[in-house]
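One structure below.
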Amino acid sequence: MNTRLLEGPGRALESLHARFMVDLVLGIDNPRQHALAPQQQQFRERLMNEIVAQTQLRPWSAAGLFSDNPAMRLGLAEKLASQFDPGHLALTRMSDYLLILQAKSHASVELRQQYGLIGEQFSLRAGHKHRALTQRGLMVQSGLHSDEVFTRWHAGQYDGWSLAGRCYVALEELRWGAFGDTWRLANPEVRALLKDSLRTMTAQYLAEGIGAAKETRHSYHQWLASPTSVGLMDHKEMLAWMGSNCDAVRQPVCWSVTQTWQPVALGMPRLCSATRLVDAMIEELFTE
């Protein structure tokens with residue numbers, strides 16, 4: 001079984017399967033996802049094949065059925081959601097999109113019913129997640145998750161990516177997990193507190209990575225340079241997939257950090273400190 005992506009860059013990503021499920025569901029009746037660049041489409045197919053093989057869902061890997069078949073996408077997402085434990089963000093995104101499809105899609109009556117049924121199931125699971133997080137203590141859960149992510153960063157598990165890439169990966173791991181769930185579900189005062197704490201910690205780790213003070217400015221080339229290592233292209237393609245929904249105008253820093261096969265966005269500062277880079281990424285990712 002070839003699991004080069006899952007055993008390489010995917011090993012460090014706890015959010016990978018949840019993100020993949022969302023990618024599956026949001027690709028239903030979505031022309032934008034079918035207009036991907038060839039290398040992006042090839043990466044998605046590689047990742048899909050590895051996940052299908054890993055989870056022993058081989059019947060789902062029939063050639064040609066995955067990309068353009070809504071029922072196959074929906075069925076695979078449902079199967080994966082039963083094997084893994086997607087967080088509140090993933091469940092909410094899938095539920096919201098499926099319920100929109102139920103109301104507005106031109107699919108068959110049977111398929112629209114499936115959209116509604118599975119969408120409601122995901123919505124119920126999101127509600128259970130909310131209650132469970134609240135019972136265990138939102139701040140406690142966010143603190144534990146934050147410690148886990150920064151421990152992995154400190155241990156070098158994100159070292160296959162550029163300095164800015166490591167920062168982006170850490171922020172996305174937090175956003176898709178218990179920290180992000182807490183931030184979305186908390187009141188405005190707690191959300192502001194979490195954001196401030198995240199800025200401080202992330203800027204400190206990023207500055208340590210480049211060996212300078214948090215306010216020292218560096219060329220964007222230094223922040224975006226990928227380390228020369230085995231699996232370099234796998235890491236770059238994984239990062240591009242993670243940031244594939246970034247917009248060059250609305251999220252210029254995250255877009256420039258992840259879509260390294262493209263010229264940097266106009267909004268990407270050419271000289272920036274760790275503090276400025278972190279502030280920009282947090283504001284682009286942690287939105288209302």
Side-chain angles (χ1 to χ4, degrees), residues 5-6 10 13 15-129 172 175-176 180-181 184 237-238 240-247 250-251 258-259 287:
L5 294 174
L6 296 179
L13 301 175
S15 64
L16 186 145
H17 291 93
R19 298 176 70 106
F20 181 74
M21 292 176 221
V22 173
D23 205 35
L24 279 173
V25 171
L26 267 58
I28 298 172
D29 288 349
N30 187 344
R32 183 179 182 274
Q33 283 210 350
H34 297 299
L36 297 168
Q39 71 267 29
Q40 291 177 307
Q41 188 61 47
Q42 290 167 8
F43 176 84
R44 277 170 163 76
E45 291 172 0
R46 283 180 62 203
L47 184 59
M48 187 273 293
N49 287 331
E50 288 194 23
I51 289 176
V52 165
Q54 179 200 46
T55 53
Q56 299 181 337
L57 295 172
R58 296 187 186 280
W60 298 96
S61 62
L65 289 177
F66 167 71
S67 297
D68 302 315
N69 189 303
M72 290 291 291
R73 281 180 170 267
L74 185 62
L76 181 53
E78 185 183 18
K79 291 286 186 182
L80 290 172
S82 70
Q83 291 197 17
F84 296 96
D85 186 26
H88 187 272
L89 175 61
L91 290 166
T92 302
R93 284 196 174 179
M94 291 190 290
S95 172
D96 289 349
Y97 188 69
L98 288 173
L99 294 176
I100 290 171
L101 286 177
Q102 181 193 25
K104 299 183 177 181
S105 172
H106 298 296
S108 67
V109 173
E110 293 81 3
L111 188 53
R112 291 202 306 273
Q113 288 175 342
Q114 281 296 102
Y115 291 155
L117 178 64
I118 297 174
E120 287 292 347
Q121 289 175 0
F122 287 156
S123 180
L124 286 172
R125 288 181 63 178
H128 291 319
K129 280 276 182 189
E172 281 289 80
R175 188 167 72 95
W176 283 81
D181 291 345
R184 282 182 298 277
E237 289 180 355
M238 182 69 80
W241 171 69
M242 292 175 68
S244 59
N245 289 322
C246 293
D247 182 89
R250 291 182 292 106
Q251 298 163 303
T258 61
Q259 308 306 304
T287 56

Check ion pair Arg44-Asp23 (N to O, under 4.0 angstrom): yes
Arg73 side chain vs Leu24 backbone, donor-acceptor pair below 3.5 Å: yes
Nearest heavy-atom neighbours spanning Ala77 and Val25: CB-CG2, 3.6 Å
Test side-chain contact (heavy atoms from CB on, under 4.5 Å) applied to Ser105 - qualifying residues, sequence neighbours left out: Asp29, Leu101, Ala107, Arg112, Tyr115
Spatial distance of atom CG (Leu99) from atom CD (Glu120) [nearest 0.5 Å]: 5.5 Å
Short side-chain to backbone donor-acceptor contact, Gln251 and Asp247, under 3.5 Å: yes
Over all atoms of both residues, closest heavy-atom pair of Asp181 and Leu89: OD1-N, 3.4 Å
Donor-acceptor contact below 3.5 Å, side chain Thr258 vs main chain Ala240: no
Partner residues of Arg19 under the salt bridge (charged side-chain N to carboxylate O under 4.0 Å, His left out) criterion, sequence neighbours left out: Glu172
Glu78 side chain to Ile118 backbone, donor-acceptor under 3.5 Å: no
Glu50 (side chain) donor-acceptor with Leu6 (main chain) under 3.5 angstrom: yes
Side-chain donor or acceptor of Tyr97 paired with backbone N/O of Ile28 under 3.5 Å: yes
Under 3.5 Å donor-acceptor, Thr92 side chain and His88 backbone: yes
